[in-house]
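Step one of this worksheet: look at the structure below.
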Amino acid sequence: MPDDHAVRFEGPAEPGLLEELHEAFEELWRAASDVPDAARIRFETAVVEVLTNIVRHATPTGPGPVHVSAALRAGGTTLDAEIVDDATDVMVDLEPPDPPVLATGGRGLLLVRRAVDELSRTRRGDRNEWRLSLRSRRQEC
Amino acid sequence: MEYETQEVDGTAAVIVPRGRLTMASAPELKALVERAVGSGRTLVVVDLGETAFMDSSGLGALVGGLRSARTAGGDLRIARPTEQVSTVLELTTMDRVLRPFDSVEEALDA
């Protein structure tokens, strides 16, 4: 079974955090180079979408910016992400319908749900926890 | 992210986004398409061969550009999507609306 690899980062929910996510993925894929391309692409696409959603829409409960911490993990049979923010609680429809064909928005969470095998968002205390999981068997090296 | 716009002739333009077409860079793509359409180049081909990554904002900019082009009597076509871009188009079923062409030339001639 290949080794597990995990990358963590945290920071304010601002556009620069998406750059950190990009760098975190580069680090993860360097370490877990045996993850098949198709799985890598689906997982990264979904996680970028969730973090973008937080950066765009999360509302802080206090005066400071929303704080986000994220962990990405490539295990032997799954790719997992956990993203935790301290924003206000909002209703998020994790199973949105397809928008009209020529709508310019409304496809973000739809894309996430179809890209990964599991997607959940849980309110735990004063935090929102997003979890994404994609089953992918890595090649033995 | 960098954009290059090539004016093919008075009626067509090719836009080449290089890098990551995401929330930060998508508005510029939409503006470039609108500028091309506004100058009479209502056939716009977006060459995605060097677009390493696209999110739903990037997809939204392509759809917005398609709408602008169609409103002006033209079209927006995409060419040479990378594997990640193709994945986004397929998962959202938007490959039915933005049908990818294998080359810029095919997209211009279709």
Side-chain angles (χ1 to χ4, degrees), chain A residues 13-26 29 35-58 79 92-117 119 132 134 136, chain B residues 1 18-34 37 44 46 48 51-78 81-100:
Chain A
E14 292 166 356
L17 198 63
L18 295 164
E19 286 304 311
E20 287 198 41
L21 176 62
H22 179 48
E23 287 163 19
F25 270 120
E26 287 186 348
W29 304 138
V35 174
D37 280 353
R40 188 171 53 77
I41 286 171
R42 280 175 171 247
F43 184 62
E44 185 166 341
T45 298
V47 174
V48 167
E49 208 64 53
V50 168
L51 193 65
T52 301
N53 203 62
I54 293 170
V55 168
R56 284 180 71 174
H57 300 298
L79 298 169
V92 179
D93 183 1
L94 296 184
E95 303 213 358
D98 272 279
V101 169
L102 290 183
T104 56
R107 294 191 181 86
L109 283 174
L110 191 78
L111 178 59
V112 176
R113 194 168 51 80
R114 290 180 184 166
V116 294
D117 295 305
L119 166 68
L132 296 84
L134 175 70
S136 168
Chain B
M1 165 61 87
R18 295 197 170 97
R20 297 169 63 80
L21 179 50
T22 57
M23 179 183 74
S25 52
E28 190 178 353
L29 174 59
K30 179 132 189 305
L32 288 171
V33 173
E34 281 171 5
V37 169
V44 177
V46 181
L48 296 166
T51 304
F53 190 94
M54 178 177 81
D55 70 0
S56 65
S57 307
L59 177 59
L62 289 176
V63 176
L66 174 65
R67 283 166 54 161
S68 303
R70 284 191 181 168
T71 301
D75 199 8
L76 180 144
R77 298 173 190 158
I78 58 172
T82 55
E83 194 180 346
Q84 191 274 341
V85 172
S86 294
T87 300
V88 170
L89 291 167
E90 286 160 16
L91 289 173
T92 56
T93 67
M94 289 303 285
D95 51 345
R96 293 178 304 181
V97 181
L98 290 160
R99 190 165 57 89

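All chains are named by letter (A, B, ...) in the order of the sequence lines, taking the proteins before the strands, and each is independently numbered beginning at 1. No hydrogens, no waters, no symmetry mates; every other heavy atom, side chains included, goes into these values.
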* To do: Give the minimum heavy-atom separation between A:Gly108 and B:Ser56, together with the two atoms involved.
  => CA-OG, 3.6 Å
* Given that the side chain runs from C-beta out, which part of B:Val88 has a heavy atom under 4.5 Å from chain A: side chain, backbone, both or neither? -> both
* Please look at A:Val101 and chain B and tell me whether the side chain, the backbone, both or neither of the residue comes under 4.5 angstrom of a heavy atom of that chain. => both
* Interatomic distance, A:Leu102 atom CG to B:Leu66 atom CG [nearest 0.5 angstrom] -> 6.0 Å
* To do: Provide the closest heavy-atom pair for A:Arg42 versus B:Thr87 in the form atom of the first, atom of the second, distance.
  => CG-CG2, 4.2 Å
* **Heavy-atom pair count under 4.5 Å with chain A, highest-scoring of B:Asp55, B:Thr22, B:Thr93** => B:Asp55
* Structure fact -> Interatomic distance, CZ@A:Arg107 vs OG@B:Ser57, rounded to 0.5 Å, equals 11.5 Å
* Give, as side chain, backbone, both or neither, the part of B:Arg96 having an atom under 4.5 angstrom from any heavy atom of chain A. => neither
* Can you find a pair of side-chain heavy atoms, one from B:Gln84 and one from A:Glu44, that are under 4.5 Å apart? -> no
* Asked: So what's closer than 4.5 Å to chain B heavy atoms on A:Val55: side chain, backbone, both or neither?
  -> side chain
* Asked: What distance separates B:Glu83 CD from A:Asp37 CG, expressed to the nearest 0.5 Å?
  -> 5.5 Å
* Asked: Would one find more than 12 heavy atoms of other residues, nucleotides or ligands at under 6.0 Å from atom CZ of B:Arg18?
  -> yes
* Rounded to the nearest 0.5 Å, what's the gap from CE on B:Met94 to CG on A:Asp98? Could you check? => 9.5 Å
* Step by step, work out the side chain to side chain contact (heavy atoms under 4.5 Å, CB included) result for B:Arg20 and A:Val48. => CA-CA 11 Å; B:Arg20 297 169 63 80; A:Val48 167; 4.3 Å; yes
* B:Val63 to A:Ala103 - nearest heavy-atom pair and separation -> CG1-O, 3.5 Å
